[in-house]
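This report refers to the structure that appears directly beneath it.
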Amino acid sequence: MSVRLRLAAIGVAVATAAAGLALVSAPAAVALDNGLARTPQMGFNNWNATHCSGDFNEAMVKGIADLFVSSGLKDAGYQYVNLDDCWALPSRDASGNLVPDPVRFPDGIKAVADYVHAKGLKFGLYSSAGTKTCNSAGFPGGLGHEKQDAALWASRGVDYLKYDNCNNQGVDAVQRYTAMRDALAATGRPILYSLCEWGQNQPWNWATDVGNSWRTTGDISDKFSSMLANFKKNVVLAQYAGPGHWNDPDMLEVGNGGMTDTEYRSHFSLWSIMAAPLLIGSDIRKATPATMSILTNRDIIAVDQDPLGIQGTELSNANGLHVIAKPLANGDRAVALFNENTTPATISTTAAAVGLPKAFGYQLDDLWSHRTTETAGKISATVPAHGTAMFRVHSGGDWWSNPPAVHTSADLPVPYPGAPALVQPGTTTTVTTVTSNDGVLPGLFGDVKLTGPAGWTVKATTTTFYPVLPPGHDVSTKWSVTTPAGTPPGSYPLHVSTTYAPGRSTVDYDMTVSVATPLAVGTTGLGDDPWLSADNGYGPVERNTSNGESKAGDGHPIKLGGVTYAKGLGTNAPSTITYYLGGRCSTISSTVGLDDEKTGAGSVTFEIWADGKKVADSGLIKRGDPAQTLTADATGASLLRLIVTDGGDGNTNDHADWANAQITCA
Ligand code: GLA
């Protein structure tokens with residue numbers, strides 16, 4: 001019987017049994033019966049840190065194993081030390097066996113495995129369900145060699161196989177991955193089996209009893225946009241994950257340097273609430289204290305490793321503000337409030353919405369600040385740009401022994417929701433702080449303080465002291481914040497600290513305000529002008545060239561319908577470029593279209609926004625459509641946005657140019 005038919009038959013048998021035993025809870029999906037990965041696997045893999053560089057060698061692997069023990073990672077649950085592509089030589093030996101690269105691994109694979117085992121850890125290897133692995137050097141893959149390779153790995157002490165998808169010769173995926181499953185089983189050694197099929201053949205539909213985990217996405221890279229895209233693809237697959245069979249949105253980038261620590265905390269929070277494998281992908285021999293504290297946050301790890309084994313589901317994601325909730329074995333709920341946007345936002349849900357029973361009060365454990373408070377039901381936080389607040393919430397117990405959940409946010413007037421918070425040197429801005437009490441009990445002696453950078457003047461213009469912070473209510477304070485004349489362009493922190501009783505509680509909130517560089521007087525090219533921010537669907541926005549591909553500076557001369565333009569902006573949808581105009585500018589013009597450098601289908605729209613108002617719109621532009629000239633008037637506007645949206649057919653071919661984009665300012 002084919003695997004598909006066999007799985008279908010199991011499904012029918014399970015459904016029949018469940019129908020006959022209505023009182024018995026539904027049986028779990030049938031997992032691979034190797035007994036492994038009952039909670040998502042945790043460990044290390046070198047790929048994201050080294051690729052196939054010379055840094056990938058025996059010394060590195062041993063160093064990581066040493067650190068697992070000495071730095072507390074092993075105690076925190078990390079177990080597997082795994083080698084990725086390029087561990088072998090390009091040719092098999094005379095007997096057809098894989099040969100370890102003698103430069104990288106002079107003592108062979110068994111010696112490394114023994115070293116790792118001696119530390120009480122487990123050891124993993126990589127191959128591909130194809131004739132060759134993914135690296136262009138072409139290392140031998142396992143297709144057609146399943147039994148021989150599996151037997152060799154078992155004899156070398158391998159505990160984990162990551163099995164890739166390159167060079168698969170078009171052979172059916174179920175067949176390829178099942179052949180290796182059976183070969184691994186035949187060795188008699190328990191080997192965790194991690195499918196790396198990138199989600200191409202929807203492995204969540206067929207791999208439950210084939211592998212212990214399956215990749216659901218293409219490769220992650222060390223960028224917020226890549227992490228976000230993988231999160232979005234993986235979060236919708238919650239129903240398919242469970243003990244022994246997990247969705248895998250790819251390995252961690254935490255610590256590799258391409259994201260901020262706030263973004264890495266989001267990455268780690270989201271992977272954990274999605275019950276994803278946690279494979280460290282940075283060279284932790286060089287880790288910063290911040291990286292180590294993220295990777296060893298046991299409260300977050302406990303969410304990932306919760307024995308109930310349910311992947312969190314997304315309850316809402318309106319406007320890039322995500323609420324994800326995960327039921328835990330003891331009846332608690334983990335809740336992540338994730339802000340994918342570039343400005344802070346308050347994100348809220350309730351105990352009822354995350355599935356907790358009705359109760360008078362709930363205990364709220366903040367898994368990053370490690371503060372515990374009580375709430376009447378609201379679960380809310382003001383989350384920084386690209387940040388995540390994560391909580392464990394439980395009902396009943398002695399919730400009342402904790403201070404009420406009080407939080408403060410700060411805002412200044414902006415021309416449209418989500419606009420950056422700007423201040424002008426030599427002027428005074430009104431900042432409003434809002435303090436909310438989500439608790440059952442009142443907060444007492446509430447005292448709000450706002451501080452700015454050295455040399456700035458911050459004065460409260462309304463009261464900062466609240467004898468009572470009433471539950472379910474907000475109180476606000478207005479402040480005048482003066483930015484000193486001559487403050488150079490850049491970002492500046494404002495810090496809000498609120499203290500209240502009981503328990504001398506303190507909550508902090510950090511706000512960033514920016515001083516923008518003004519645009520030059522006259523008509524200038526937007527490809528040369530300073531922007532406030534530039535978000536792009538793929539790679540960075542390019543100045544005066546097309547988008548190219550992933551790296552900065554890899555574009556080509558902007559070309560639309562055979563015409564080359566020396567100036568402009570090269571984007572890949574979806575893209576937003578924001579400029580500070582300060583009410584001094586008027587006309588904007590640009591020729592827009594899809595760059596000739598791509599030939600595949602693609603479609604986009606170009607929009608020009610002056611503050612909160614759309615002042616030009618190209619309508620849908622498809623591949624082959626002629627370039628269009630857009631002109632718009634931004635008189636009086638503080639901010640300009642050039643927006644390109646994906647036309648609805650994916651963004652692979654959406655190299656969208658703002659050719660000869662110009663603005664006139666006074
Ligand atoms: C593929 C996989 C990656 C990595 C490389 C190695 O791209 O998806 O995770 O293993 O191959 O070449």
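First listed ligand is number 1; within each ligand, the first listed atom is number 1.
Going from atom OG1 of Thr39 over to atom CG of Asp306 covers 9.5 Å, rounded to the nearest 0.5 Å. With values rounded to the nearest 0.5 angstrom, Phe268 atom CZ is found 14.0 Å from Glu253 atom CD.
Using bins of under 30°, 30° to 60° and over 60° for the plane-to-plane angle, the ring pair Tyr240/Trp204 lands in the tilted bin. Aromatic ring pairs are classed by plane angle as parallel below 30°, tilted from 30° to 60° and perpendicular above 60°; the pair His51 and Trp47 is parallel.
Some N or O of Asp84 is nearer than 3.5 Å to an N or O of ligand 1, by distance alone.
In terms of protein heavy-atom proximity, atom 8 (O) of ligand 1 is nearest to Asp219 OD1, 2.5 Å. Looking at atom 12 (O) of ligand 1, its nearest protein heavy atom turns out to be Asp85 OD2, 2.7 Å. The single protein non-hydrogen atom nearest to atom 1 (C) of ligand 1 is Asp164 OD2, 2.9 Å, given as residue, atom name and distance.
Counting atoms of ligand 1 from 1 in the listed order, those under 4.0 Å from a heavy atom of Arg215 are 8 (O), 9 (O). Annotation for ligand 1: atoms under 4.0 Å from non-hydrogen atoms of Asn135 are 12 (O). Taking every heavy atom of Lys162 and a limit of under 4.0 angstrom, the matching atoms of ligand 1 come to 3 (C), 4 (C), 9 (O), 10 (O). Atoms of ligand 1 lying under 4.0 Å from at least one heavy atom of Cys196, given by number and element, are 2 (C), 8 (O).
Side-chain polar atoms of Tyr160 and Gln41 form a donor-acceptor pair below 3.5 angstrom. For the residue pair Asp250/Thr217, the side-chain donor-acceptor check at 3.5 Å is not satisfied. With no hydrogens or angles considered, a side-chain donor-acceptor pair links Asn247 and Gln311 at under 3.5 Å.
Using a 4.0 Å cut-off between heavy atoms, Cys86 makes no contact with ligand 1 at all.
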